[in-house]
Amino acid sequence: MKNKQVLFFASTLLLVLALVFWFIQPAIVGTGLLENLEISFVDATFGKTDSWGPISLTSLKFSILNLIPFLLLLFALGLSLLKAFGIKLLASTGFEDMLIIVFALVAGVGLLLAPQLTTMTNEALENINLNLGLGAILAGSLTLVSALLAVVSKFLK
């Protein structure tokens, strides 16, 4: 294997790991007056409704701004896998490489901005100090490192 292929394989593997951490680790952690709060990426993106018998309380609403980094991560991973299997989606492979890099960069920055992009509906949750969770840190960092590896593999001979 050439160095270029090894770096590209590592870049694709990091995108897969970032997607795994998107699902299994909390994106946002917070400390409030009564308890510690952990919000997953799924809840921060698609919303969350808690119900106690006939009473239901919507604490998180759907956030398109949290959905965009997830979709860009999926697009970057999909293009990387298509390129790895030799399937050409576009006529120019240089353009595919640039799309992978741009999608991964924007997704990484968006994943690291998860607390700012989450839509809260409950005023009690707005008073909690929200910080990046382990999932956001790992997914965002791995996606940015993947973009860096894709840049290096593109310009390596």
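As a basis for the values below, the full set of heavy atoms in this structure was taken, side chains included, without hydrogen atoms, waters or symmetry mates. Because the structure is a prediction, the values reported are computed rather than measured.
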Write out all pairs satisfying side chain to side chain donor-acceptor pair (under 3.5 Å) with one or both partners inside [range], taking only residues at least two apart or from two chains.
| range | result |
| --- | --- |
| residues 10-20 | S11-S146 |
| residues 62-76 | N66-T118 |
| residues 102-111 | none |

Derivation and outcome, side-chain contact (heavy atoms from CB on, under 4.5 Å), residues F75 and F70: CA-CA 9 Å; F75 290 154; F70 174 66; over 6 Å; no
In Å, rounded to the nearest 0.5 Å, how long is the span from [atom1] of [X] to [atom2] of [Y]?
| X | Y | atom1 | atom2 | result |
| --- | --- | --- | --- | --- |
| L117 | I64 | CG | CD1 | 11.5 Å |
| S153 | D97 | OG | CG | 6.5 Å |
| L142 | I137 | CG | CD1 | 11.5 Å |
| L111 | S141 | CG | OG | 9.5 Å |
| L79 | I87 | CG | CD1 | 11.0 Å |

Would [X] end up clustered with [Y] when hydrophobic side chains under 4.5 Å apart are linked, directly or stepwise?
| X | Y | result |
| --- | --- | --- |
| V145 | L134 | yes |
| L13 | V6 | no |
| L148 | M98 | no |

Stepwise side-chain contact (heavy atoms from CB on, under 4.5 Å) check, L14 with L149: CA-CA 9 Å; L14 288 178; L149 287 177; 3.7 Å; yes
Of all heavy-atom pairs between [X] and [Y], which one has the smallest distance, and what is that distance?
| X | Y | answer |
| --- | --- | --- |
| A114 | F41 | CB-CE2, 3.8 Å |
| I28 | P115 | CD1-CA, 3.8 Å |
| L15 | S80 | CD1-OG, 3.7 Å |

Test item: K4 and V152 side chains (from C-beta on) under 4.5 Å apart, heavy atoms: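 In short, these two side chains do not touch, never coming nearer than 4.5 Å.
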Under the rule for side-chain contact (heavy atoms from CB on, under 4.5 Å), what residues qualify as partners of [X], not counting sequence neighbours?
| X | value |
| --- | --- |
| F46 | W22, V42, F62, L67 |
| A147 | A104, L105 |
| V109 | L113, L144 |
| A107 | L72, L73, T143 |

side-chain contact (heavy atoms from CB on, under 4.5 Å) between K154 and I101, intermediate numbers included: CA-CA 10 Å; K154 177 165 175 48; I101 293 166; 4.3 Å; yes
F21: partners by ring-ring contact (aromatic ring centres under 6.0 Å, His included), with sequence neighbours left out: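 With neighbours one apart ignored, the set is empty.
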